[in-house]
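Everything below concerns the one structure shown next.
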Amino acid sequence: MVPTALIYRVSTVGAAGQGKFSYCFETLNQNIEGSDTYLRFGTDATIKDVGLKIYITPTVIPTFRTSFYYLNIEDISVGNKRVGFPRGTFKLNSHGEGGTVIDSGTPISFMYKDHFDRVADLVKAHFNDLRIEYIGSQYNFNVCFRPRGRFDITNYPSITIHLQQADYVIPDYKANFVVTSDGIICLEIFRVDTNRPAFILGAMQQSNKRILYNVMDQSLSFATKYCELDS
């Protein structure tokens, strides 16, 4: 028997899409007016570039009706240090609490405050080791720093979302941090009070990834790709 939620999702993709669609977002560039992002369906929705390492993670099928696509997070790393979340921390329950949504319509990621604080602790520790001053909340962002002098981009930590059977690595500092006009560096994830869901993986942290949804086999595939060269 096909789950009701799965039937609903197939209908949102459309019969022409054969239950598959994909996209590849460029890194945000404030100096460029407009960009081309191609949404592909059906047989055109593939990750076939030679040399790309492709990762596959199962999607979570909720027991309730929803148009969201849920994933299973097992842990999160900042640089080479894991938070060490207990098993099931991000689990979705039947009441719609918890869970991780991947959403291209949400520009900046959101994370439930209890989980956010633990990730933020590792970010703070990373910058503290570099002797970068932590200044708290600025410009609606919760975790910000004030570097003194030039800050080399190699000093930014990557963020890795350890999904079920696949590590989703976000190496580009522009996807993880925002740098304000006055040089303040802020973690580009919003801390929120709601746990419905526990985490929304937004578009900024999907940049330079070819992402493929396969509704029929209940999976999400992804590969790192320079999306400005997509066609």
Side-chain angles (χ1 to χ4, degrees), residues 23 25-35 37 67-71 73 75-79 81 83 85 89-90 92 96-161 168-209 211 227:
Y23 53 78
F25 291 148
E26 299 175 16
T27 302
L28 177 65
N29 188 337
Q30 303 283 6
N31 299 318
I32 296 178
E33 195 172 319
S35 63
T37 296
S67 60
F68 286 129
Y69 291 86
Y70 282 86
L71 305 174
I73 287 184
D75 206 354
I76 296 175
S77 291
V78 176
K81 295 181 179 178
V83 173
F85 284 112
T89 296
F90 288 88
L92 175 67
E97 298 170 333
T100 296
V101 165
I102 179 169
D103 183 18
S104 59
T106 299
I108 296 175
S109 299
F110 289 78
M111 188 177 293
Y112 178 52
K113 59 184 180 180
D114 291 0
H115 311 332
F116 176 93
D117 290 345
R118 296 193 62 183
V119 174
D121 284 345
L122 283 186
V123 174
K124 292 175 188 177
H126 177 89
F127 281 87
N128 183 64
D129 289 344
L130 297 172
R131 301 184 183 278
I132 304 299
E133 179 187 5
Y134 170 64
I135 58 173
S137 300
Q138 300 283 325
Y139 307 103
N140 295 321
F141 293 97
N142 302 97
V143 176
C144 298
F145 307 87
R146 180 184 286 113
R148 299 192 182 280
R150 185 175 180 274
F151 188 76
D152 195 290
I153 63 172
T154 60
N155 287 327
Y156 286 97
S158 62
I159 292 179
T160 301
I161 300 169
Y168 186 94
V169 182
I170 311 168
D172 186 354
Y173 79 96
K174 293 180 182 178
N176 295 320
F177 296 91
V178 60
V179 182
T180 68
S181 58
D182 54 355
I184 301 300
I185 297 169
C186 299
L187 177 63
E188 204 164 25
I189 302 174
F190 287 130
R191 182 183 189 270
V192 293
D193 293 334
T194 181
N195 192 30
R196 301 169 63 95
F199 183 37
I200 299 179
L201 180 64
M204 294 296 294
Q205 292 180 311
Q206 296 178 48
S207 61
N208 286 329
K209 302 279 191 198
I211 296 178
C227 294

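Throughout, residue positions are numbered sequentially from 1 according to the sequence presented.
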Check your understanding: Taking Phe199 as the fixed residue, which of Val101, Ile161, Val119, Thr89 is the one that meets the side chain to side chain contact (heavy atoms under 4.5 Å, CB included) rule?
Key -> Ile161
Point to revise | Side-chain donor/acceptor of Lys209 to backbone N/O of Val169, under 3.5 Å | key: yes
Practice item. Just do the ring-ring contact (aromatic ring centres under 6.0 Å, His included) check on Phe110 and Phe116 with the steps written out, would you? Key: CA-CA 9 Å; Phe110 289 78; Phe116 176 93; over 10 Å; no
Point to revise | Validation row: Asp182, Tyr139 side chains within 4.5 angstrom (heavy atoms) | key: yes
Review point. So, the side chain of Ser109 versus the backbone of Gly202: is there a donor-acceptor pair under 3.5 Å, distance only?
Key: yes
Check your understanding: Does atom CG of Asp129 have more than 12 heavy-atom neighbours from other groups under 6.0 Å away?
Key -> yes
**Study point:** Ring centre gap for Phe141 and Phe177 strictly below 6.0 Å
**Key:** no
Review point. If you measure only the distance, is there a donor-acceptor pair under 3.5 Å linking the side chains of Ser158 and Asn176?
Key: no
Practice item. Would you indicate whether Lys174, at its atom NZ, is surrounded by more than 12 heavy atoms from other residues, nucleotides or ligands within a distance under 6.0 Å? Key: no
Check your understanding: How would you list, by chain and number, every residue that makes a side chain to side chain contact (heavy atoms under 4.5 Å, CB included) with Ser137, sequence neighbours excluded?
Key -> Asn142
Point to revise | Gln206 side chain to Tyr23 side chain, donor-acceptor N/O pair below 3.5 angstrom | key: yes
Practice item. Step through it carefully: locate the ring centre of Phe90, locate the ring centre of His115, and say whether they are under 6.0 Å apart. Key: yes
